[in-house]
Amino acid sequence: MRKGDDKLYRGVKAFKLMFDVIKHPQLVDRYKHFKKLSCTCRLYCVKALRSKKPKSEIQRQHYHFIDRHQVKVIGGDGGNGCISFLRLFKNPIAGPDGGDGGNGGHIIFEANRNIKSLNHVEAIVKGEVGGNGKGKDMHGANGEHIIVQVPMGTSIRENSQVVGDLDTEGARFVAAKGGAGGKGNHFFLSNENRHPNVAELGALGEERVYILELKIVAHAGLVGFPNAGKSSLLRAISRARPKVASYPFTTLSPHVGIVHYDDYEQVAVADLPGLISGAHQNRGLGLFFLRHIERCVFLLYVVDLSRPSPLDQVFSLKFELEQYQTGLSNRPHAIIANKVDLPESASNLKELEQGANMPVFPISAKLGTNIGSVLRHIRELYDQHNKDKLQW
């Protein structure tokens, strides 16, 4: 039976049972049990889709995921007013006719759910300049507004103060206003001055510097020491292609992979740069790396079973997170015990399972061992704790 036919069969069966309950009240307890069981199956029977399409061997340009970016915005300058006098047939001094200058364009940040990174935002964004006024009372054209698309959930800071939060689709923030256009000499015409020989210059646009930060980078964050196998795990569960090598700190910026499920849900998993002891004291770019972790909904601690004392690795990681931000280590989490295929991992796994007070999933990211259980647990955490914080 195909999957679509199986779903149809279960739906017909549930409808028939509900109809029987109406006719036979003694089946109420059976219906309650069936309803509870169906809700449980819906949570745990969701399967992750594994793409059969092979990954491309072409080395394309490396994609840098940026979740914090400094940008300088400059509004467009206003156009200058014009000094002009109208000359007509038999009336060579018909009066002033200088037009006003156009207004400069604004710089606007707009939230877009289809954008996930800040890598496309330029370091300096300049607004369009307004046109100058001309004779015959012709005003200059206004400069077009520059709209910069940013991901939903972007926080805007200026001088370490939050000045804007773009949490909803289409929300806008005017980052820099354009300058007003200058007045032409026709504006200064009065009974006292019938031939004004003066005009205004256009005002300069605002110039500001902002820090753009994403509140949430991904649903799940892979946290661990260097060479624990975080990048290999992300390659195993998604089509992302982070760099994998035998030396530490191969990952210097987050890589985000998408896990697809058969109910069309998409869960984002981030491969975060490796931490070292003393990261909360900014050792090894520690604060720069820890900043990414606080933007994940739940955490997956990836430990290397081939190294001694894997439980100490978990305690060290939680200690670094707690020292950086109080309560960060208490977020929903689980332990991913990697490299279970190595001989020395068996004894370390028993020690880890006995001492850990959280779920432990022994896997081999290289061979694909027990990856399915990890994907199911990721979906459980997503259903329980995401609450529409981030949609992909």
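Note that the coordinates shown come from a computational prediction; the quantities given were computed from them, not determined experimentally. No hydrogens, no waters, no symmetry mates; every other heavy atom, side chains included, goes into these values.
A distance-only check finds no donor-acceptor pair linking the side chain of Ser309 to the backbone of Leu311 [under 3.5 Å]. Not one N or O on the side chain of Asn142 forms a donor-acceptor pair closer than 3.5 Å with the backbone of Gly102. A donor-acceptor pair under 3.5 Å links the side-chain atoms of Glu200 to the main chain of Lys183, judged by distance alone. With hydrogens and angles ignored, the 3.5 Å screen pairs no side-chain donor or acceptor of Asp137 with any backbone N or O of Gly99.
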Note to self: Run Ile371 and Ile237 through side-chain contact (heavy atoms from CB on, under 4.5 Å) and show every step you take.
What the structure shows: CA-CA 7 Å; Ile371 294 295; Ile237 64 177; 3.7 Å; yes
Check: Could you go step by step and tell me if Arg376 and Ile378 meet the side-chain contact (heavy atoms from CB on, under 4.5 Å) rule?
Finding: CA-CA 5 Å; Arg376 286 191 293 270; Ile378 289 176; over 6 Å; no
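Follow the hydrophobic side-chain contacts under 4.5 Å out from Met138 and you never reach Val129; the two are in separate clusters. Hydrophobic clustering keeps Leu201 apart from Phe188 (ILVMFWY residues linked when any side-chain heavy atoms are closer than 4.5 Å, directly or through intermediates). Under a hydrophobic-cluster definition in which Ile, Leu, Val, Met, Phe, Trp and Tyr are linked whenever side-chain heavy atoms come within less than 4.5 Å, directly or via other members, Ile108 and Ile115 are assigned to different clusters. Met152 and Ile147 sit in two unconnected hydrophobic clusters of ILVMFWY residues. Membership requires side-chain heavy atoms under 4.5 Å apart, directly or through other members. Taking hydrophobic clusters as Ile, Leu, Val, Met, Phe, Trp and Tyr residues chained together by side-chain heavy-atom distances below 4.5 Å, Leu212 shares a cluster with Val148.
Gly257 approaches Ser238 most closely through the heavy-atom pair CA-OG, 3.6 Å. Considering every non-hydrogen atom in both Ile156 and Phe109, the closest pair reads CD1-CD1, 3.8 Å. Heavy-atom minimum distance, Pro151 versus Leu118: CD-CD2, 3.5 Å. In this structure, Gly184 and Asp100 approach most closely via the heavy-atom pair N-OD1, 2.8 Å.
No more than 12 heavy atoms of other residues, nucleotides or ligands lie within 6.0 Å of CD in Glu122, so this atom counts as exposed by the packing criterion. Counted within 6.0 Å of CG on Asn91, heavy atoms from surrounding residues, nucleotides or ligands total more than 12; the atom is thus considered enclosed.
Side chain to side chain, Ser329 and Glu322 meet the donor-acceptor criterion of an N or O pair below 3.5 Å. Side-chain atoms of Asn348 and Ser345 form no donor-acceptor pair, as typed in the model, at a separation below 3.5 Å.
To the nearest 0.5 Å, atom CD of residue Glu265 and atom CD1 of residue Ile258 are 12.0 Å apart. In this structure, the separation between CG on Asn338 and CG on Leu305 is 7.5 Å, given to the nearest 0.5 Å. Rounding to the nearest 0.5 Å places CG of Leu321 at 11.5 Å from OG1 of Thr326. For the atom pair Arg331 CZ and Leu299 CG, the distance stands at 6.5 Å (nearest 0.5 Å). Once rounded to the nearest 0.5 Å, the distance linking CD of Gln266 with NE2 of His260 reads 5.0 Å. Atoms CG and CG, on Leu381 and Leu300 in that order, are 7.0 Å from each other to the nearest 0.5 Å.
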Donor-acceptor contacts under 3.5 Å from residues 354-367 side chains, at least two apart:
from   : atom 1 : to     : atom 2 : distance (Å)
Ser364 : OG     : Asp341 : OD1    : 3.0
Ser364 : OG     : Leu367 : N      : 3.3

Without placing hydrogens or testing angles, list every side-chain donor-acceptor pair under 3.5 Å for residues 67-74, not counting sequence neighbours.
from  : atom 1 : to     : atom 2 : distance (Å)
Asp67 : OD1    : His292 : ND1    : 3.3
Asp67 : OD2    : His292 : ND1    : 2.6
Asp67 : OD2    : Arg295 : NH1    : 2.8
Arg68 : NE     : Glu213 : OE2    : 2.8
His69 : NE2    : Val121 : O      : 2.9
Lys72 : NZ     : Glu207 : OE2    : 2.9

Per-pair distances, 0.1 Å, donor-acceptor, side chain in residues 223-231, under 3.5 Å, sequence neighbours excluded:
from   : atom 1 : to     : atom 2 : distance (Å)
Asn227 : ND2    : Ala245 : O      : 3.4
Lys230 : NZ     : Phe225 : O      : 3.0
Ser231 : OG     : Thr251 : OG1    : 3.1
Ser231 : OG     : Asp271 : OD2    : 2.6

Side-chain donor-acceptor contacts of residues 79-90 below 3.5 Å, not counting sequence neighbours, with atom names and distances?
from  : atom 1 : to     : atom 2 : distance (Å)
Asn80 : OD1    : Gly202 : N      : 2.9
Ser84 : OG     : Asp97  : OD1    : 2.7
Arg87 : NH1    : Phe85  : O      : 3.3

Tell me which donor-acceptor pairs under 3.5 Å the side chains of residues 189-199 have, and how far apart each pair is, sequence neighbours excluded?
from   : atom 1 : to     : atom 2 : distance (Å)
Ser190 : OG     : Asn193 : N      : 3.2
Asn193 : OD1    : His195 : N      : 3.3
Arg194 : NH1    : Ser190 : O      : 3.2

Could you pull out all donor-acceptor pairs under 3.5 Å where a side-chain atom in residues 167-175 meets a protein atom, sequence neighbours excluded?
from   : atom 1 : to     : atom 2 : distance (Å)
Asp167 : OD1    : Lys215 : NZ     : 3.1
Asp167 : OD2    : Lys215 : NZ     : 3.3
Glu169 : OE1    : Arg113 : N      : 2.8
Arg172 : NE     : Glu110 : OE2    : 3.2
Arg172 : NH2    : Glu110 : OE2    : 3.4

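In summary, the aromatic rings of Tyr382 and His219 are positioned with their centroids under 6.0 Å apart.
Looking at residues two or more places apart in sequence or on another chain, you find no salt bridge (charged side-chain N to carboxylate O under 4.0 Å, His left out) involving Glu353. For His333, the ring-ring contact (aromatic ring centres under 6.0 Å, His included) partners two or more places apart in sequence, or in a different chain, are Tyr301. Applying the ring-ring contact (aromatic ring centres under 6.0 Å, His included) rule to His106 yields the partners His145; only residues at least two apart in sequence or on another chain are considered.
When each of Val256, Val269, Leu272 is tested with Leu234 by the rule side-chain contact (heavy atoms from CB on, under 4.5 Å), just one qualifies, namely Val269.
Val209 shares a hydrophobic cluster with no other residue; no ILVMFWY side chain has heavy atoms under 4.5 Å from its own. As a member of the Ile/Leu/Val/Met/Phe/Trp/Tyr network built from side-chain separations under 4.5 Å, Leu204 groups with nothing else and remains a singleton.
Annotation: cation-pi pair Arg157/Tyr210 absent, no NZ/CZ under 6.0 Å from the ring centroid and within 45° of its normal.
Each salt bridge (Lys or Arg N to Asp or Glu O under 4.0 Å) pair with one or both residues in residues 298-310, not counting sequence neighbours, appears once here: Asp304-Arg307, Asp304-Lys339.
Residues Glu158 and Gln161 fail the side-chain proximity criterion, which asks for heavy atoms closer than 4.5 Å. Between Val303 and Ile336 there is no side-chain heavy-atom pair separated by less than 4.5 Å. Side-chain contact between Tyr324 and Ile293 is absent, with no heavy-atom pair separated by less than 4.5 Å.
Salt-bridge annotation for Arg379 and Asp263: present, with a side-chain N of the basic residue lying under 4.0 Å from a carboxylate O of the acidic one.
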